[in-house]
Each structure stands twice: as C-alpha cells, then as structure tokens.
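A quick note: this is a predicted structure, and the numbers were derived from the prediction, not measured.
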Amino acid sequence: MKIRIQGNSIRFRLSKTEVETFCKMGYYSQKTEFNSNTFIYTLKSKEGIPNLSADFAANTITIFFPSVEKDTWADSSQVGYQNNFILNNGHALSILVEKDFVCLDDRDEDESDNYPNPNVQK
C-alpha cells in the first residue's frame, strides 16, 4: 500500500493482493519504522458510515471504509472512493482510496501486483 500526503489531502493506493486482503479481512495495514517510533497506516472497514472518514491516533493514520462497499470492491470495476471529510475544526480532509495501476512511465519498482493500466495502448 502506498500513501501520499499533501496538506489536508491523503491518498492510499492498493495493489491487487492488498485490495483482495482488505476485502476479505476488513483491514489492511502497513508500517514504516524509524529509530524513535513506528508510523502505521491502516485501511479499516467500518459499519454505519456512508463515506470514507479518517483519524490519526497513536502514530497511526486510519482511513475508515464503508463496510457496505468492502465486499464488492475487489471484483468490481470501481477504481476508488473519495470523500471530503469535515473535521471537528470545520476544515476538510480530502481522502482518496484507490486501486494502484501499472505506471505508463518506466519505474524502478515492482509493479507486478498492480492493476493493468486502462490507458495502455493495446
């Protein structure tokens, strides 16, 4: 799972296996270790919410995903989910969770588990 943060915007991109694991288990998490602490980022299914929401506690970013969408996402053509989550201070946090596609440019990373890019010329 890849994470991108810029200002009040956060995006998680998941490979095929990660999406399948999340849809089966209702939870997917990764971590980045530092000398002084560990940073954790988690996608978690949650009952009773209509849209993505998020929280940050105990060095963990958690994006909550509507459980009604979890069971069908892996096998659907739905690329991702987006929401402008209104925080308690009235500001908005833009949240995006999406399937990770193979890049059109050559990259020096393993993309063998990414979804085929629909923009590739056949």
Side-chain angles (χ1 to χ4, degrees):
M1 181 163 61
K2 296 177 188 172
I3 183 172
R4 181 176 180 180
I5 300 172
Q6 183 176 8
N8 258 26
S9 175
I10 186 166
R11 177 172 72 180
F12 285 2
R13 296 174 83 183
L14 288 80
S15 69
K16 287 184 206 176
T17 301
E18 292 164 345
V19 169
E20 290 166 2
T21 300
F22 167 72
C23 289
K24 181 179 178 184
M25 306 300 291
Y27 182 90
Y28 192 81
S29 188
Q30 287 196 338
K31 63 183 178 179
T32 302
E33 296 177 343
F34 298 91
N35 284 330
S36 61
N37 224 324
T38 299
F39 173 67
I40 302 166
Y41 42 110
T42 300
L43 182 62
K44 185 175 183 180
S45 174
K46 185 174 181 180
E47 295 284 339
I49 61 170
N51 297 301
L52 299 173
S53 62
D55 198 13
F56 180 71
N59 299 320
T60 303
I61 292 175
T62 303
I63 293 180
F64 296 101
F65 191 96
S67 62
V68 297
E69 302 290 340
K70 173 188 69 73
D71 294 333
T72 59
W73 186 35
D75 296 323
S76 77
S77 62
Q78 178 81 28
V79 173
Y81 297 86
Q82 189 273 335
N83 187 35
N84 286 320
F85 178 63
I86 304 303
L87 304 170
N88 291 337
N89 65 7
H91 297 164
L93 174 65
S94 177
I95 307 169
L96 178 61
V97 175
E98 61 188 353
K99 294 174 178 174
D100 198 8
F101 292 112
V102 172
C103 291
L104 295 176
D105 301 332
D106 286 334
R107 302 260 172 149
D108 191 24
E109 62 183 75
D110 180 9
E111 295 185 328
S112 61
D113 192 33
N114 289 10
Y115 289 86
N117 193 310
N119 293 324
V120 169
Q121 300 295 331
K122 294 183 181 191

Side-chain donor-acceptor distances from residues 47-64 under 3.5 Å, at least two apart:
{"unit_1": "E47", "atom_1": "OE1", "unit_2": "S67", "atom_2": "OG", "d": "3.3"}
{"unit_1": "E47", "atom_1": "OE2", "unit_2": "S67", "atom_2": "OG", "d": "3.4"}
{"unit_1": "N59", "atom_1": "ND2", "unit_2": "N37", "atom_2": "OD1", "d": "2.8"}
{"unit_1": "T60", "atom_1": "OG1", "unit_2": "A58", "atom_2": "O", "d": "3.2"}

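- Here the side chain of N83 pairs no donor or acceptor atom with the backbone of I95 at under 3.5 angstrom.
- Rounding to the nearest 0.5 Å places CG of D100 at 11.5 Å from NZ of K16.
- For the atom pair OG (S29) and CG (L43), the distance works out to 9.5 Å, reported to the nearest 0.5 Å.
- For the side-chain contact (heavy atoms from CB on, under 4.5 Å) test, residues two or more places apart in sequence or in another chain that qualify with Q30 are M1, E18, Y28, Y41.
- Rounding to the nearest 0.5 angstrom, the gap separating the OG atom in S77 from the NZ atom in K99 is 7.0 Å.
- E69 pairs by the side-chain contact (heavy atoms from CB on, under 4.5 Å) definition with F65, P66, Y81, not counting sequence neighbours.
- With a 4.5 Å cut-off on side-chain heavy atoms, T32 and I3 do not count as touching.
- For N88, there are no side-chain contact (heavy atoms from CB on, under 4.5 Å) partners, not counting sequence neighbours.
- Among pairs with a residue in residues 89-98, those fulfilling salt bridge (Lys or Arg N to Asp or Glu O under 4.0 Å) read R11-E98, R13-E98, at least two apart in sequence or across chains.
- Identified under the salt bridge (Lys or Arg N to Asp or Glu O under 4.0 Å) test for residues 21-37, with sequence neighbours left out: K31-E33.
- More than 12 heavy atoms of other residues, nucleotides or ligands sit less than 6.0 Å from atom CG of N89.
- Looking only at distances, no side-chain donor or acceptor of T42 sits under 3.5 Å from a matching main-chain atom of K44.
- Here the shortest heavy-atom pairing between S45 and F22 reads N-CE1, 3.7 Å.
- Between I10 and F12, the shortest heavy-atom contact is CD1-CE1, 3.9 Å.
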